[in-house]
Amino acid sequence: MEITLTHYLVLSTLLFAIGLIGVMRRTNLLMLFFATEILLNAVNIGFAAISRYYGDLTGQMFAFFVIAIAASEVAVGLGLLIVWFKRSGGIDLTTMTSMKG
Amino acid sequence: MFETIAFYLFALLTVVMFSITVFTRQALYALTALAAGMIFISAFYFLLGADFLGAVQIIVYTGAVMALYAFGMMFFDTTRHVNEHGRSPQIVFLLSGMAALLIVVIFVTPIVSENVTARYPVLEGVGNAQAVGMVLFTKYLVPFEVAAVMLLVAMVAGIVLAGKKMDKSLTLMEEEEIELSKQSQEKAV
Amino acid sequence: MELYLYLALFSPLAGSLIAALFGAQPKTLFTGLLTSSLLGLSLVSSTVLLVHILSGGSAVHVEMMTWMATGDLYIPFGFLVDQVSVTMMMVVTVVSTVVHVYSIGYMHHDKGFNRFFSWLSAFVFSMMVLVMSDNFAGLFIGWEGVGLCSWALIGFWYHKESASWAANEAFIMNRIADLGMLIGLFLIYWNVGSLQYDRFFEAVTLLDQSILVMIGIFLFIGAMGKSAQFPLHTWLADAMEGPTPVSALIHAATMVTAGVYLVVRANPLYEMIPDVGYFIASLGAFVAMFAASMALVNRDMKRIIAYSTLSQLGYMFVAAGLGAYWVALFHLMAHAFFKALLFLGAGNVMHSMSDELDPFKMGGLKKSMKWTWIMMTLASVALAGIWPLAGFFSKDLILEVAFVEHHYVLYTVLLLTAMLTAFYSFRLIALIFHGEERYKEYGSHPHEAYTFMLIAMSPLALLAVISGFVFKGSYFDMVTAVLPATEYHVHSPIVFWIMVIGTQLLVGLAIAFAYKKYQNAKIDKVFEERLCYKILRNQYYIPDFYEEYICKPYRELSYVAWKQLDLRIVDATVDGIASLLYKTGEQTHTMQNGNLSTMLRWMVAGTVLLLALGVAFTVGYSVVAG
């Protein structure tokens with residue numbers, strides 16, 4: 001059985017859904033970061049697959065940039081987390097209600 | 001045939017790993033599962049002929065990002081059980097519907113966009129790394145440089161944010177001192 | 001000549017605006033002097049124009065600027081000084097100037113001195129616009145301006161409940177009539193395509209009779225409101241709540257004469273529809289009699305004079321309705337002079353009697369107020385129509401018109417009214433100036449008015465005496481250049497002399513009777529018990545009728561509309577929308593609980609929704625296209 005683009009896309013979607021579950025389910029900020037990593041990687045698989053099946057390198061290029069952005073996000077995000085942790089002593093989302101309307 | 005087996009195997013592994021990441025209550029498990037999942041994903045890149053991307057995936061994620069997370073976890077002391085409250089059952093509901101919907105959308109998309117033509121076709125007789133290099137440093141030079149600057153900025157930002165009051169080391173303090181500093185912080189807040 | 005036209009028109013406005021700057025300040029004599037002198041300037045300019053017209057000059061017609069020009073509608077600010085409008089201008093400026101000067105003395109102690117002069121000049125300006133405009137739109141502006149200024153002046157002492165009420169009554173009554181006027185104007189524009197007088201009068205002969213009748217009726221409804229004809233007459237007597245100079249101005253020169261002016265101005269129209277003209281004449285005769293009868297028993301000095309004005313307006317409408325436009329205009333002029341004199345005299349009396357209005361509480365004032373007595377007697381003689389004063393020439397002419405046109409019923413009514421007029425006028429004179437000095441019981445100290453007030457009144461006294469026999473001939477020659485030149489002569493000289501002498505005798509008898517009866521001011525108790533007295537005293541119960549059958553049902557209707565329509569439907573709808581939004585916010589504000597996790601969930605839900613919409617759209621599109 002030939003593996004087609006559709007297989008990869010379904011996989012990508014599946015992983016994306018798992019990531020979304022994580023985003024919504026987790027209240028620990030660090031775990032939330034993990035979930036976002038899953039989201040980004042799910043998309044990357046889609047890019048790489050499309051790049052392959054259309055014979056176009058653009059998809060791979062985008063995957064590179066996504067990885068770069070993910071890396072910076074982790075750096076800045078962790079920095080912010082540390083600051084927050086120092087100030088409040090915890091990184092649980094439920095305690096962050098300063099934006100209550 | 002081999003490719004098919006590999007795809008299904010790795011697909012299963014990735015889904016399982018990421019599911020563990022999302023659903024486990026042990027932070028350490030989550031981290032390890034995530035790192036494993038990242039490596040499994042690089043397998044897809046190799047399967048798809050994007051060797052360079054696969055290498056980058058392993059280096060960046062398992063090497064850099066995971067190390068950062070590991071340090072972060074040590075800092076935050078989340079190696080214990082992650083206490084999470086406020087789960088509501090309707091999420092599952094929402095999720096299944098949404099996942100199904102997204103799958104439908106993605107199924108439709110390639111059919112809709114059948115007549116896409118390659119703008120930067122894969123060059124014949126050149127290795128993947130070389131091809132990527134040629135495109136990356138010609139067509140995508142500016143985005144590449146911008147990404148580089150962004151990484152630099154992120155690095156500086158991370159250091160500045162995390163580095164405040166680094167002179168106070170909790171690990172070197174006695175228990176009483178830690179309590180004192182905590183109390184003074186609470187007062188300040 | 002254009003310069004004089006603009007001077008005559010705009011100097012009252014300038015005076016009004018300058019005085020308005022000091023409106024909120026305490027009395028400054030300067031405003032009174034300034035407005036009076038600017039009005040004097042207007043008077044001089046009008047005189048120059050009059051001389052120009054009299055010496056055979058052509059009518060001055062200027063178009064100052066375009067007011068409206070949209071599509072087919074073209075209305076300029078145009079002004080026309082012809083024989084008719086110059087007469088009106090003279091009447092308005094003479095009387096107004098006198099009233100202004102007089103008011104400096106009359107309003108001497110009033111706190112709103114500056115405000116008064118501002119409004120007074122604005123009033124005159126509106127009237128000047130009204131008479132000088134060369135189109136119906138400009139006339140309507142003046143018409144409304146006069147209404148507004150009269151509102152402000154009648155309600156000048158706004159802290160008095162009755163004054164505010166009278167001002168509102170006058171304004172609302174006029175508004176009702178103005179609707180008729182406006183419909184008339186719309187009909188004219190609809191059928192002629194222009195509001196210019198000359199265009200309209202050219203087109204009159206080509207228009208359908210029924211349309212002309214409609215236009216004539218609606219314009220006359222407007223005139224009925226301004227000239228206070230039955231059934232819109234009640235405001236005029238109540239307008240006496242204003243300061244007396246205002247009453248003089250309203251009753252003599254401005255406002256009430258506007259209706260007569262309109263009918264005279266639209267004479268080519270009313271020529272074409274004699275039936276409507278006959279109706280106008282009949283209504284005029286009725287009002288003349290009706291108002292005079294109410295004046296017979298009234299015990300309020302100013303109201304008696306007000307009813308007399310109403311009655312004289314009836315005379316004017318008889319003349320105008322019968323096609324004797326120049327006679328109507330002539331009576332308007334003569335009446336303006338002696339009526340203004342009468343009012344200003346009444347103002348003097350009021351002043352010295354500390355605002356007492358009941359003539360039964362006065363009596364014997366001729367000793368202390370000699371000049372006022374002389375002037376008021378002169379004015380009353382002129383009003384009664386005794387030879388050779390102004391009233392004889394103008395009023396008896398109207399009687400002759402009715403006689404010559406073979407309207408004997410109208411003639412009889414007018415003759416009777418002339419007797420009534422003489423009676424109530426001299427009843428008033430007898431009560432105020434003759435007999436015992438009853439005011440002593442009420443502790444008043446009568447004194448003559450300021451000399452300059454008397455001097456200001458003297459031109460009116462002079463005009464009341466001479467305007468009849470001096471002006472009649474030249475006036476006829478001048479004004480008939482634009483108005484139908486019909487001479488009204490009774491053909492048989494015997495009949496003529498019988499009529500004239502008979503009328504004079506009857507009027508003289510009425511005067512003698514009035515003196516005899518009221519010299520001693522005995523209040524006839526038996527007479528006051530009679531039904532006819534009660535009816536007249538209560539103004540034929542017409543105000544009560546209006547109150548009972550128009551105001552009350554309207555109030556109840558408004559109440560129902562308020563309770564049922566406004567509160568239940570309009571308010572409920574608005575409140576419903578507001579509370580819907582409010583409740584939505586109340587229900588959904590939990591979304592904003594500050595919890596990032598919840599926000600993320602909402603974000604995902606939104607994304608899903610958008611994706612679903614996108615899919616639905618794509619599928620739907622492909623179904624429709626395929």
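All heavy atoms count here, side chains included; hydrogens, waters and symmetry mates do not. Numbers restart at 1 for each chain; the letters A, B, ... are given by sequence-line order, proteins then strands.
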ask   = From B:Thr21 OG1 over to A:Met31 CE, what is the distance, rounded to the nearest 0.5 angstrom?
value = 9.0 Å

key: Residue, of B:Glu3, B:Met155, B:Met38, that accumulates the most heavy atom pairs under 4.5 Å with chain A   = B:Met38

inquiry  = Between B:Phe144 and A:Met61, is there a side-chain heavy-atom distance shorter than 4.5 Å?
reply    = no

query = Looking at CG of A:Leu15 and CD1 of B:Ile41, how far apart are the two atoms once the value is rounded to the nearest 0.5 Å?
reply = 6.0 Å

remark   = Closest heavy-atom pair, A:Ala48 versus B:Leu53, reported as atoms and distance to 0.1 Å, is CB-CD2, 4.1 Å

query = How far does CD of A:Gln60 sit from OH of B:Tyr45, to the nearest 0.5 angstrom?
reply = 9.5 Å

Engaged part of A:Ile18 at the chain B interface, taking heavy atoms whose separation is under 4.5 Å = both

message = Parallel, tilted or perpendicular: which one describes the rings of A:Phe65 and B:Tyr140, with boundaries at 30° and 60°?
response = tilted

Between CD1 on residue A:Ile21 and CZ on residue B:Phe23, distance to nearest 0.5 Å = 4.5 Å

query = Checking heavy atoms, do the side chain of A:Leu11, its backbone, both or neither come under 4.5 Å from chain B?
reply = side chain

request  = Return the orientation label for the A:Tyr8 and B:Phe44 ring planes: parallel under 30°, perpendicular over 60°, tilted otherwise.
outcome  = perpendicular

ask   = In terms of heavy-atom pairs under 4.5 Å with chain A, which of B:Gly37, B:Pro143, B:Ala148 leads?
value = B:Pro143

message = Nearest 0.5 angstrom please: A:Glu37 CD to B:Leu34 CG, how far?
response = 6.5 Å

query = By a 4.5 Å heavy-atom criterion (distance strictly below it), what part of B:Phe71 contacts chain A: side chain, backbone, both, or neither?
reply = neither

note = Per-residue tally against chain A (heavy atom, under 4.5 Å) across B:Val132, B:Val60, B:Val56 peaks at B:Val132

task = Counting only heavy atoms closer than 4.5 Å, note whether B:Phe7 contacts chain A via side chain, backbone, both or neither.
result = side chain

query = Do B:Phe52 and A:Phe64 make the cut of ring centroids closer than 6.0 angstrom?
reply = yes

query = What part of B:Leu68 gets closer than 4.5 Å to chain A, counting heavy atoms only: side chain, backbone, both or neither?
reply = both

key: Portion of B:Ala157 that has a non-hydrogen atom of chain A nearer than 4.5 angstrom   = side chain

note = For B:Tyr61 and A:Ala70, the nearest pair of non-hydrogen atoms, with its separation, is OH-CB, 3.2 Å

key: Contacting moiety of A:Ala68, where chain B heavy atoms sit under 4.5 Å   = both

ask   = Measuring heavy-atom distances to chain B, does A:Leu81 have an atom under 4.5 Å in its side chain, in its backbone, in both, or in neither?
value = both

ask   = Looking just at side-chain N and O atoms, do A:Asn44 and B:Gln57 make a donor-acceptor pair shorter than 3.5 Å?
value = no

message = Quick check on B:Ala147 against chain A: is it the side chain, the backbone, both or neither that has a heavy atom closer than 4.5 Å?
response = side chain

request  = Answer yes or no: are there more than 12 heavy-atom neighbours, outside A:Phe62 itself, under 6.0 Å from its atom CZ?
outcome  = no

query = Which residue out of B:Val65, B:Leu31, B:Thr14 racks up the most heavy-atom pairs below 4.5 Å with chain A?
reply = B:Leu31

